[in-house]
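Notes to accompany the following structure.
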Amino acid sequence: MSAAAIVDTDPVSQPTASVGLSNRFAWLQGLKSPKTLVGLIILAFFVLLAIFGPIFAPYDPSSVSWETLQPPSAAHWLGTTQAGQDVFSQMLYGARISIIVGFCAALLATVVSVVVGLVAGYLGGLTDDLLSLLANVFLVLPSLPLAVILVSLLPKSGSAGIILIIAITGWAWGSRVLRAQTMSLRRRDFVEAARATGERTAKIILHDIMPNEMAIIASSFLGTVTGAILTQASLSFLGLTSVSEWSWGTILYWAQVNSALLMGAWWWFIPAGLAIALLGTSMSLINFGIDEFINPRLRQANAGTKAQAKARRAEAKARKLGAVGLPTRDKVLPPEDHPDSSVVLDVRDLVFGYGVGDDATVAVNHVSFQVRRGEVLGIAGESGSGKSTLANAIARLYRPAATTISGQLLYTNAAGATTDVLTMSDEELRRFRWDELSVVFQSAMNALNPVLTIGTQIDDVLRAHRADMTKAERETKIRELLGLVGIQSDRVRAYPHELSGGMRQRAMIAIGLALDPEIIIMDEPTTALDVVIQRQIIEQLIRLKDELGFTIIFITHDLSLLMELSDTIAIMYAGRLVECSPTRQFYQHPVHPYSQGLLRSFPTLSGAKRELTGIPGSPPDLRHLPPGCPFAPRCDQATERCQEHKPDLRQVMVDNTTIQVACHSLEIPTQPKEDAHVQQH
Amino acid sequence: MRVLLRRLVFYVLTAWAAISLNFVLPRIMPGDPVTNMVERFRGRLTPQAIQALRVLFGQEHSNLWLQYVDYWKNLFHGNFGISYAYYPTPVTSVVNGAIWWTLILISLCTILAFVIGVSLGTVVGWKRGTWLDALVPVTSFISSIPYFWFAIIMALVFSIVLKWFPLSGGYDVWETIGFNSSFISSAVYHAILPAVTIIVASIGGWLIGMRNMTVTTLSEDYVRMAEAKGLRKRRVVLAYAARNAVLPSLSSFAMSLGFVVGGSIVTEIVFNYPGIGSILFRAAQSQDYPLMQAIFLVITVMVLVANFVADIAYVFLDPRTRQEA
């Protein structure tokens, strides 16, 4: 029971509430969204109504008169009841009881759930087992019937009793959510540190854990307020609260008892229900803002799709205007434009960006390179250099949605026909994917669907692309694929969680090979594995490549791995390609200062011993790149020129080998003298 | 299947807790409920009825343990005492006459609302960023409406103004209850308005939960990979995104179900539907404690069984829970 909650599949344990003191109230930023603002305004209105309403009430809500069942008029804004009472005055008085009961009950329930949730989550063990059991029992007991029983046993307790009863029936959910969150926080460094310094448990819970759960506590409180107001209304409607104490539920009770519906007295019951619904909506609107803070994926999804929708609209508009700004490209290029059919993928000036305004990030910045059929291109760089984004861009897997895309991605199939991947229609893209290009993702655990067997996940590919295959043929093919990567064919029916890490990665490769694609993109496929397994998989991969003859684009930060594996190495820095050379050449004479730094920071398995020095500084913020060479601030060879002008990627001859490099230190590349100059570095 | 066994043990424990709560509560509350009730009925109660009350509410003999044993014996014999609201009908008969109406209405509505809500939630989540997002605040408004008030509005519009559906009852009074087509069609006709009310009022919670989970799931690597595999959209949405996104909805079924059941029984009152809600209303009016506690127990058992069914569905849908560990 206790293990389930730490697993990250639980949506509530994912929030990454910042832990720094200054960020503890960052969730309040969520309140700035328009939805939340509307919610706050409605809430403020009702709170003011609860405070001042009775002062402005034109009549005593209980005083009877001869004006019975009057529809709304100037004298009675919301009409009158069968006893001639003023509904508007009843509403104003009712706001006070409904809101006080709702907020007090929710406050009490939240206090209980915070105490239970934090204590259970932090202490664990038997305390946790017992408290969780208690919470789970209360969670499955239907709360309204339970409240009815309790109220009927406490008939004369008034609002205080109702508050107590609603709190008793409503605390369990919040405590469960908070328990899960506490369990994940308990393992964080700052809590571990506090524990190590011998701080008292109560102090850790109050000072280190609780402040980081304020967003969840607030969200749970607001949800409980809605629940409490609804429960109070239901209990009043059943006639279980004091029927002479005006609340919105009591108004509805009298309307029901006096058959207001049959008499067509809509003004009697409509305002109360509407008020309850509006108040509840205001709570959920406020919670939208907080939820988006707690679950960043919701926020990203919204931001991304808005940008995407905007881009779509702009495109549609441009098309209407006669497509002035849009380049119309031929999808299939004539062969003469593409003389070299040994090039399987020709990336031309690819730009790829996310976000808008201050957050705008160009993750792939004017990148061009070519991949030859059957070769292994290794792309290396630090985290955040844009190498994974580049992989996603080639497969056109944009998430969150990209806001700027330009350039060309020319793919030439085995028959020699060339198409631009960026201009493919959805259906063309669907056919292209996996049949021509497949992807092996970084983490097999996350990339394999946890609820489908390995066999089914391969079968899905075959069914989508090979409609003519029979079930038996697919079955044979699946077993053959698994055999190819060294998985016993009886694991066809295994689910991802039943396989070891290495097995899962092999399964990923098997899925990648399913349609015998031309290109396989491998995005850090072995990073999460231990060295022995990593070696086995890489060796198997090389063997398979030689057998089947596919092209590999291998993305990693592990340069020594690329040295063994790849034919060509491309180095990325801050979204740009800074060097691209044949592997041997790169190893012997790295030209770009960044490449040199990278090589200095990795030990190689073979070759001369040398000092590992690394590169000073850290990668730049892609949102605020310097005007000149992005590497200049960390470069020991940078000149004034480097600070001001971005060097372009250009071809140079080094040691009689053509390489590409973007560095001002290679200004006049055509002259042989430069070679000597280069070698000095 | 050890997961299910553990859940079963938990539900039995919860049922035991609910029943014991019913035993303990009247005994710890101030005053003697039996004396109160006897007084209220001013000698109309037969000695047997008073005896039955004593067993249910105590004070017959001081040994609590023996009282507890007697209490359980009574439950096993289906003896919940005499109802005051429907005096002198035994509580068991009153409940038995109403439970089937509620059971059929609520279980059908819950299943329908869950299926519709989850399907719509998947679509809205998948098409995030389009006009469908406007459904989210609308549904949160609808799910903040008290069920019974929504019922009143539905009755006003469809029974009183448009006169499409009957205003109250579960069937036409001249029909004989039984398995005959005219009774069934009459019952269905009467059930439409309450059913639509319950479905519409409870759909919002499922929809928003599923929408948010779908949006969250869409950024999972396995969905990205499904797209990279060139699968058809339908397959990506159903087998990769929705299939995973529905799991939290199923596991939060317990809390939502209690809420739906509570709302539904109050809805019955508005439509004067011959189910548990209407007898609960009358029991509450006349402080009929024996009837109320029987209703509480019956509803609790219904909810526990429904939860167990949801657990079975969960184990069926999530292979990770089937792992023996």
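On a predicted model such as this, the values are computed, not experimentally measured, just so you know. The chains referred to below are lettered A, B, ... by the order of the sequence lines, with proteins before strands, and numbering in each begins at 1.
Distance check, rounded to the nearest 0.5 Å: CD1 of I149(A) to CG of L297(B) gives 7.5 Å. Rounded to the nearest 0.5 angstrom, N136(A) CG and R7(B) CZ are separated by 6.5 Å. For the atom pair CG (L133(A)) and CG (L13(B)), the distance works out to 5.5 Å, reported to the nearest 0.5 Å. Atom-to-atom distance recorded for I145(B):CD1 and T281(A):OG1 is 7.5 Å, nearest 0.5 angstrom. Summarising the geometry, atom CZ belonging to F269(A) is positioned 4.5 Å from atom CG belonging to L156(B); distances are rounded to the nearest 0.5 Å. Between atom CZ of residue F141(B) and atom CG of residue L274(A) there is a gap of 5.5 Å, rounded to the nearest 0.5 Å.
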Using the rule given for side-chain contact (heavy atoms from CB on, under 4.5 Å), can you reason through I152(B) versus W266(A), listing the C-alpha separation, both sets of side-chain angles and the distance that settles it, and then say yes or no?
CA-CA 9 Å; I152(B) 296 174; W266(A) 52 267; over 6 Å; no
Can you check side-chain contact (heavy atoms from CB on, under 4.5 Å) on V148(A) and F296(B), steps first, answer last?
CA-CA 8 Å; V148(A) 168; F296(B) 171 63; over 6 Å; no
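The two residues I270(A) and W149(B) come nearest to each other via the heavy atoms O-CZ2, 3.2 Å.
For chain A, the nearby parts of R232(B) are the backbone and the side chain; heavy atoms of each come within less than 4.5 Å. If you measure heavy-atom distances from V303(B) to chain A, the contacts under 4.5 Å come from the side chain alone. For F148(B), the part lying near chain A is the side chain, with the backbone staying farther off; criterion is any non-hydrogen pair under 4.5 Å. Neither the backbone nor the side chain of L515(A) comes within contact range of chain B, judged by heavy atoms closer than 4.5 Å. No part of S438(A) comes within reach of chain B, as not one of its non-hydrogen atoms sits under 4.5 angstrom from that chain. Heavy atoms closer than 4.5 Å to chain A are found nowhere in S159(B), neither backbone nor side chain. Looking at L317(B), only its backbone comes within 4.5 Å of chain A, counting heavy atoms on both sides. Residue F150(B): no heavy atom, backbone or side chain, is found under 4.5 Å from chain A. Contact annotation for F259(B): only side-chain heavy atoms (C-beta onward) come within less than 4.5 Å of a heavy atom of chain A. Proximity to chain A involves both the backbone and the side chain of V270(B), based on heavy atoms less than 4.5 angstrom apart. Of the atoms belonging to L257(B), not a single heavy atom falls under 4.5 Å from chain A. Using a 4.5 Å cut-off between heavy atoms, F237(A) contacts chain B through both its backbone and its side chain. Only the side chain of L21(B) comes within contact range of chain A, judged by heavy atoms closer than 4.5 Å. The contact between A233(A) and chain B is made by backbone and side chain atoms together, counting heavy-atom distances below 4.5 Å. For chain A, no part of I295(B) is nearby; none of its heavy atoms comes within less than 4.5 Å.
At least one side-chain heavy atom of P145(A) sits under 4.5 Å from a side-chain heavy atom of I265(B). Residues M225(B) and M508(A) are in side-chain contact: their nearest non-hydrogen atoms beyond the backbone lie under 4.5 Å apart.
Of the possible donor and acceptor atoms, one in the side chain of N449(A) sits under 3.5 Å from a partner among the backbone N and O of A239(B). The backbone N or O of K229(B) lies less than 3.5 Å from no partner atom in the side chain of R433(A), so there is not a single donor-acceptor pair.
A donor atom on one side chain and an acceptor atom on the other are found under 3.5 Å apart for R224(B) and N392(A).
Heavy-atom pairs under 4.5 Å with chain A were tallied for R235(B), M292(B), K233(B); the largest tally goes to R235(B). Ranking S140(B), A226(B), A283(B) against chain A, the residue ahead of the rest is S140(B), based on heavy-atom pairs under 4.5 Å. Taking chain A as the reference chain and counting heavy-atom pairs below 4.5 Å, the highest number among S144(B), S143(B), G258(B) is found for S144(B).
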